[in-house]
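The block underneath contains the structure these notes are about, expressed in structure tokens.
Along the sequence shown, the residues carry numbers beginning at 1.
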Amino acid sequence: QVQLVESGGGLVQTGGSLRLSCAASGHTFSNYAMGWFRQAPGKERIFVASISTTGKFIYYADSVKGRFTISRDNAKTTLYLQMISLESEDTAVYYCAAGHSALTMSDLATATYWGQGTQVTVSS
């Protein structure tokens with residue numbers, strides 16, 4: 001079992017920045033690929049970014065490429081998502097998840113453990 005707790009969400013203006021964190025506990029963090037997902041009001045949860053166990057392999061959704069950066073610190077058992085140039089379309093609840101492959105985590109069904117989410121609201 002892996003417990004995941006997101007933090008760092010909030011209200012930010014268009015063009016602003018935020019850094020989300022996901023603190024992990026339980027099973028060995030470094031054994032899991034990690035990912036970020038988001039769910040906007042009335043929409044399905046979608047993939048944002050994923051990172052392999054060592055950080056060597058990273059994948060992004062097209063909508064966030066060049067603006068979001070996923071990273072991890074295995075010593076601190078924490079996952080991060082640095083977000084810049086935020087747009088109103090980025091408004092959503094952001095979730096972190098643990099799985100077995102960064103490549104396949106774009107398929108939500110492959111994520112094994114989920115956090116409770118943190119709200120990000122981008123105002124114009």
Side-chain angles (χ1 to χ4, degrees):
Q1 192 82 1
V2 176
Q3 292 78 43
L4 303 171
V5 179
E6 301 94 335
S7 61
L11 176 64
V12 63
Q13 290 188 328
T14 300
S17 302
L18 279 176
R19 188 176 83 153
L20 306 183
S21 298
C22 172
S25 60
H27 282 183
T28 305
F29 177 74
S30 58
N31 287 347
Y32 291 90
M34 299 296 297
W36 287 100
F37 302 79
R38 67 186 183 188
Q39 187 166 17
K43 296 187 177 181
E44 295 184 345
R45 192 174 301 187
I46 61 173
F47 169 78
V48 173
S50 62
I51 186 168
S52 61
T53 55
T54 63
K56 181 177 180 180
F57 299 103
I58 289 176
Y59 305 93
Y60 294 101
D62 288 342
S63 59
V64 306
K65 281 181 182 176
R67 300 188 300 120
F68 290 11
T69 302
I70 188 172
S71 62
R72 65 190 297 162
D73 186 332
N74 286 344
K76 295 182 178 179
T77 66
T78 303
L79 175 73
Y80 303 99
L81 186 67
Q82 178 69 50
M83 306 184 293
I84 66 171
S85 303
L86 284 162
E87 306 165 351
S88 58
E89 292 76 15
D90 297 317
T91 294
V93 177
Y94 283 72
Y95 300 88
C96 66
H100 295 290
S101 170
L103 176 63
T104 61
M105 282 187 78
S106 57
D107 178 353
L108 273 65
T110 66
T112 306
Y113 302 105
W114 291 88
Q116 84 291 345
T118 185
Q119 176 71 48
V120 172
T121 303
V122 184
S123 66
S124 57

Quick check against the 3.5 Å criterion: does [X] have a side-chain atom that pairs as donor or acceptor with the backbone of [Y]?
X: Ser50; Y: Gly35; result: no
X: Glu6; Y: Gly117; result: yes
X: Thr91; Y: Val122; result: yes
X: Arg45; Y: Tyr95; result: no
X: Tyr60; Y: Ile70; result: yes
X: Thr77; Y: Ala24; result: yes
X: Asp90; Y: Thr14; result: no
X: Gln39; Y: Ala92; result: no
X: Thr110; Y: Thr104; result: yes

Flag side-chain contact, heavy atom, 4.5 Å: [X] against [Y]:
X: His100; Y: Thr112; value: yes
X: Leu103; Y: Phe57; value: no
X: Leu86; Y: Phe68; value: yes
X: Leu4; Y: Met34; value: yes

Please round to the nearest 0.5 Å and tell me the distance separating atom [atom1] of [X] and atom [atom2] of [Y].
X: Arg72; Y: Ser52; atom1: CZ; atom2: OG; result: 7.0 Å
X: Tyr113; Y: Gln1; atom1: OH; atom2: CD; result: 5.0 Å
X: Thr118; Y: Leu18; atom1: OG1; atom2: CG; result: 9.0 Å
X: Ile51; Y: Lys56; atom1: CD1; atom2: NZ; result: 13.0 Å
X: Asn74; Y: Thr53; atom1: CG; atom2: OG1; result: 7.5 Å

Verify same cluster id: [X], [Y] (apolar side-chain graph, 4.5 Å):
X: Val48; Y: Tyr32; answer: yes
X: Tyr59; Y: Tyr94; answer: no
X: Met83; Y: Val12; answer: yes
X: Ile58; Y: Leu79; answer: yes
X: Met105; Y: Tyr80; answer: no

Give me the atom names and distance for the closest heavy-atom approach of [X] to [Y].
X: Trp114; Y: Leu108; result: CZ2-O, 3.8 Å
X: Thr78; Y: Ser21; result: CG2-CB, 4.2 Å
X: Arg38; Y: Val64; result: NH1-CG1, 4.0 Å
X: Ser17; Y: Ser85; result: OG-N, 4.5 Å

### Query
What pairs meet the disulfide (SG to SG under 2.5 Å) rule with one or both residues in residues 49-124, with sequence neighbours excluded?
Cys22-Cys96
### Query
Using the ring of each side chain (for Trp, its six-membered ring), is Phe37 parallel, tilted or perpendicular to Phe47, with breaks at 30° and 60°?
perpendicular
